[in-house]
Amino acid sequence: AAEKRDDLLSDVLTEKEIELIEKNPDITIVGTVAALRNLKEITNIEFKECVAKDGGELDLGNGIKLSFLITPGLNWPDTMMTYMPLEKVLFSGDVFGAHYCEDCIYNNDIIHFDKYEKAFKEYYDYIMSPFDGFVRSALSKIDEIDFEMICPGNGPVIATDIDDVIDKYTKYSSVEKSENNTMGIF
């Protein structure tokens with residue numbers, strides 16, 4: 001059994017950390033250079049930090065390690081993915097997410113799969129598609145990683161059909177964009 005660690009926070013997205021830092025003043029924030037800089041600027045709080053570098057690794061003990069993949073621009077300049085080799089889990093941040101929720105945790109338990117598929121595509125279109133080049137770069141980074149589960153920051157945990165999900169992102173990020181752009185002004 002793994003030893004419980006409550007002194008580290010891997011910063012996949014710089015949201016809600018102020019409360020965590022205030023409640024746990026001894027916590028070490030693990031994040032990209034940009035994430036740590038942004039967090040310092042928005043919190044005005046001193047905290048312990050550990051810079052996550054692309055391809056870098058953090059040993060948590062008991063055989064548990066985290067590997068970092070820096071993926072800027074998805075959809076913030078400070079984003080990264082974290083891979084846990086022992087469990088074969090990829091924590092993907094915004095990548096592979098969806099603004100969708102049912103009374104389940106895993107994608108294979110979704111009842112209204114058509115609604116999830118629609119939300120998955122809309123999430124890509126509205127949040128990720130402006131960053132297609134960054135998406136393709138991230139996909140190439142995870143290509144050689146052996147993972148069996150994806151935990152995105154939004155939506156269900158992807159425990160099945162992982163190749164299908166990756167294929168969709170590959171397809172979505174490769175679509176030619178129209179040069180006819182429209183902007184709504186309100």
Side-chain angles (χ1 to χ4, degrees), residues 1-21 23-24 26-40 42-43 47-100 105-107 120 123-124 127-128 131 133-163 165-166 168-170 173:
E3 174 186 350
K4 183 181 178 212
R5 296 280 311 250
D6 58 3
D7 59 339
L8 287 169
L9 173 65
S10 179
D11 189 26
V12 178
L13 297 170
T14 51
E15 298 172 1
K16 298 186 181 182
E17 283 89 348
I18 295 173
E19 185 178 338
L20 289 168
I21 295 168
K23 288 184 177 181
N24 304 288
D26 293 328
I27 198 166
T28 299
I29 306 294
V30 180
T32 65
V33 170
L36 296 170
R37 182 183 61 243
N38 291 344
L39 192 56
K40 286 175 188 174
I42 63 173
T43 64
F47 54 86
K48 296 180 201 172
E49 65 182 64
C50 176
V51 176
K53 297 181 180 172
D54 197 38
E57 197 171 81
L58 179 62
D59 190 336
L60 301 178
N62 295 326
I64 301 170
K65 296 180 181 181
L66 301 176
S67 300
F68 304 110
L69 299 102
I70 308 306
T71 55
L74 295 176
N75 67 336
W76 299 99
D78 58 3
T79 56
M80 68 178 184
M81 293 187 201
T82 303
Y83 174 57
M84 189 177 204
L86 182 67
E87 301 294 332
K88 297 186 177 184
V89 175
L90 178 68
F91 299 92
S92 63
D94 283 338
V95 181
F96 308 119
H99 288 148
Y100 186 79
I105 295 173
Y106 302 100
N107 66 326
F120 183 84
Y123 187 93
Y124 187 90
I127 295 174
M128 305 306 292
F131 312 105
F134 293 118
V135 170
R136 290 189 298 275
S137 176
L139 290 172
S140 70
K141 285 186 177 197
I142 66 169
D143 192 42
E144 300 298 318
I145 296 175
D146 180 24
F147 55 92
E148 297 174 356
M149 186 176 293
I150 301 172
C151 297
N154 298 288
V157 170
I158 301 166
T160 60
D161 305 315
I162 290 173
D163 289 338
V165 168
I166 292 171
K168 286 178 182 169
Y169 256 62
T170 301
S173 67

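Just the heavy atoms: all of them, side chains too, but no hydrogens, waters or symmetry mates, feed the values below.
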| query | Is any side-chain heavy atom of Phe134 less than 4.5 Å from a side-chain heavy atom of Asn75? | reply | no
| request: Provide the closest heavy-atom pair for Ser92 versus Ile150 in the form atom of the first, atom of the second, distance. | output: OG-CG2, 3.4 Å
| Short question: side chain of Thr79, backbone of Thr71 - any donor-acceptor pair under 3.5 Å? | yes
| field | side chain to side chain contact (heavy atoms under 4.5 Å, CB included) between Ile142 and Leu90, intermediate numbers included | value | CA-CA 9 Å; Ile142 66 169; Leu90 178 68; 3.9 Å; yes
| said: Other residues, nucleotides and ligands only: do more than 12 of their heavy atoms fall within 6.0 Å of CD1 on Ile145? | reply: yes
| query | Going through the checks in order, is the side chain to side chain contact (heavy atoms under 4.5 Å, CB included) test met by Thr82 and Ser67? | reply | CA-CA 6 Å; Thr82 303; Ser67 300; over 6 Å; no
| query | Can you name the nearest heavy-atom pair linking Ser173 to Leu139, along with the distance? | reply | OG-CD1, 4.1 Å
| request: Over all heavy atoms of both residues, which pair between Ile70 and Lys53 is shortest? Give the atoms and the distance, please. | output: CG1-C, 3.9 Å
| field | Any donor-acceptor N/O pair, Asn24 side chain to Asp26 backbone, under 3.5 Å | value | no
| query | Any side-chain heavy-atom pair from Ile127 and His99 closer than 4.5 angstrom? | reply | yes
| query | Using 30° and 60° as the class limits, which term best fits the ring planes of Tyr124 and Tyr169: parallel, tilted or perpendicular? | reply | perpendicular
| Test item: Glu57 and Phe68 side chains (from C-beta on) under 4.5 Å apart, heavy atoms | no
| query | Rounded to the nearest 0.5 Å, how far apart are CG of Leu58 and CD1 of Ile64? | reply | 11.0 Å
| query | Among Met80, Met149, Met81, Met84, whose side-chain contact (heavy atoms from CB on, under 4.5 Å) with Phe91 holds? | reply | Met84
| Contacts of Asp54 that satisfy salt bridge (charged side-chain N to carboxylate O under 4.0 Å, His left out) - sequence neighbours left out | Lys141
| field | Criterion side chain to side chain contact (heavy atoms under 4.5 Å, CB included) on Tyr106 and Ile158, from CA distance to verdict | value | CA-CA 6 Å; Tyr106 302 100; Ile158 301 166; over 6 Å; no
| task | Show the numbers, then the answer: is there a side chain to side chain contact (heavy atoms under 4.5 Å, CB included) between Val89 and Tyr83? | result | CA-CA 6 Å; Val89 175; Tyr83 174 57; 6.0 Å; no
| Side chains of Asn154 and Tyr100: do they bring a donor and an acceptor to under 3.5 Å? | no
| said: Looking at Asp161, is its backbone amide N or carbonyl O close enough to the side chain of Asn107 to form a donor-acceptor pair, meaning the two atoms are under 3.5 Å apart? | reply: no
| query | For Ala34 and Pro77, which heavy atoms make the closest approach, and how far apart are they? | reply | CB-O, 3.9 Å
| query | Is a side-chain donor or acceptor of Arg136 paired with a backbone partner of Thr170 at a separation under 3.5 angstrom? | reply | no
| field | Over all atoms of both residues, closest heavy-atom pair of Met128 and Leu74 | value | CE-CD2, 3.5 Å
| request: Taking all heavy atoms of Ala52 and all of Val30, pick out the closest pair and write down the distance. | output: CB-CG1, 4.1 Å
| query | Are any of the side-chain heavy atoms of Lys40 and Phe47 separated by less than 4.5 Å? | reply | yes
| message | Can you pull out every side-chain hydrogen bond (donor to acceptor under 3.5 Å, both in side chains) where at least one residue sits in residues 143-152? Sequence neighbours excluded, please. | response | Lys88-Asp146
| query | Are any of the side-chain heavy atoms of Ile27 and Ile29 separated by less than 4.5 Å? | reply | yes
| field | Pairwise side-chain contact, Phe96 with Ile162, heavy-atom cut-off 4.5 Å (strictly under) | value | no
